[in-house]
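Here is the structure we will look at, set down as structure tokens.
Heavy-atom basis, side chains included; hydrogens, waters and symmetry copies ignored. Convention: sequence-line order gives letters A, B, ...; per-chain numbering from 1.
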There are 2 protein chains.
Amino acid sequence: MIGKYRDSGLKLTPQRIAILDYLEGNIEHPSADDIYKAMSKRFPTMSFATVYNTLETLRRHGQITELNFDPFKKRFDPNPSPHHHVICVRCQKILDVKNAFLLKPPRIESEEFEIIGNHIEFYGICSKCKPR
Amino acid sequence: MIGKYRDSGLKLTPQRIAILDYLEGNIEHPSADDIYKAMSKRFPTMSFATVYNTLETLRRHGQITELNFDPFKKRFDPNPSPHHHVICVRCQKILDVKNAFLLKPPRIESEEFEIIGNHIEFYGICSKCKPR
DNA sequence: CTGGCTGCAAATCTTTTGCATCCTG
DNA sequence: CAGGATGCAAAAGATTTGCAGCCAG
């Protein structure tokens, strides 16, 4: 991930390296706040501005994806290749869905709409939240 | 919609009737703020609390759906029956997708996950935002 | 050395909440 | 006439922004 980052001509500051390290292989789909909290341990002066700036930069360069389906906040996925997700409706835990689904482009009645992508959210209840 | 509402044993105030009227058949997927603005014309004293309270009540009674995939705010769909959507990545216009998709439940590797629903977002560019 | 990056604080935007008052059923 | 609903204002939470100073390339 760091290699790719350097190649894209962006500056590699210690803060960014730390965020890249944290995201690399992270499957928790952390929020900006999660990232900020994790970073604060090693960089007590790290600010939200830096976290958001870095995330936005990474997103613009296609290295992470912004997830918008947690009703409370944006979350980030270090895996930029298209895939789907399942979210626990109780605790908002998000897991990756490995299956691929072939979706034929929908028919939009009212107007021309150029389809460029899709994302499936599965809703469910995770094992921790499942009452036995 | 008003009939259903009355049947559910909830109080029918003028404000609620206005919101129900506004939502009935509305295909714009308005946000709380859109609704508030529209209501303010007829009810200059209508407050956000009332808008949010009413929406939350309607949601709990299964009469509307909350949409979480606009990155900037929650939006509401007066059509509670499951269906999918397409969102314009430029202007955030949301349209209904009428097609049905049969999705087999995904295989989650790491844990038991009881799947209770799904929602597909198609991303695209609407005719207005499409550069010719 | 210079433009991009950081840190801080303030601002903004959306949504929620406490509470006194009101009014539907 | 009681309990739910409203309106107001303040609070809370997430994200953005302005700007001065810093540092990676």
Checking side-chain hydrogen bond (donor to acceptor under 3.5 Å, both in side chains) for the pair B:H84/B:N99: CA distance, chi angles, key distance, verdict? CA-CA 8 Å; B:H84 306 295; B:N99 312 50; over 6 Å; no

Between [N] ([atom2]) and [X] ([atom1]): distance, integer Å:
X     : N      : atom1 : atom2 : answer
B:D33 : C:dT16 : CG    : C1'   : 15 Å
A:L12 : D:dC22 : CG    : P     : 22 Å
B:N68 : C:dT14 : CG    : P     : 15 Å
B:R75 : C:dT14 : CZ    : C1'   : 14 Å
B:N53 : C:dT17 : CG    : C1'   : 10 Å
B:E66 : C:dT14 : CD    : P     : 15 Å

Distance-only donor-acceptor test, A:K11 side-chain atoms vs C:dG3 base atoms, 3.5 Å: yes

Does [X] place a side-chain N or O at less than 4.0 Å from the phosphate oxygens OP1/OP2 of [N]?
X     : N      : value
A:T45 : C:dG7  : yes
A:Y52 : D:dT15 : yes
A:T50 : C:dC5  : no
B:Q15 : D:dG7  : yes
A:R16 : C:dG4  : no
B:S47 : D:dC8  : no

Please list, in numerical order, the residues of residues 55-64 of chain A that have a heavy atom closer than 4.0 Å to any atom of DNA chain C. none

Both A:T54 and B:F48 contact DNA chain C. Which one's nearest nucleotide lies toward the 5' end? A:T54

About how many Å separate CG of A:L20 and CD of A:Q63, when rounded to the nearest 0.5 Å? 7.5 Å

Sort out for me which residue in B:L58, B:T57, B:I64 forms a side chain to side chain contact (heavy atoms under 4.5 Å, CB included) with B:H61. B:T57

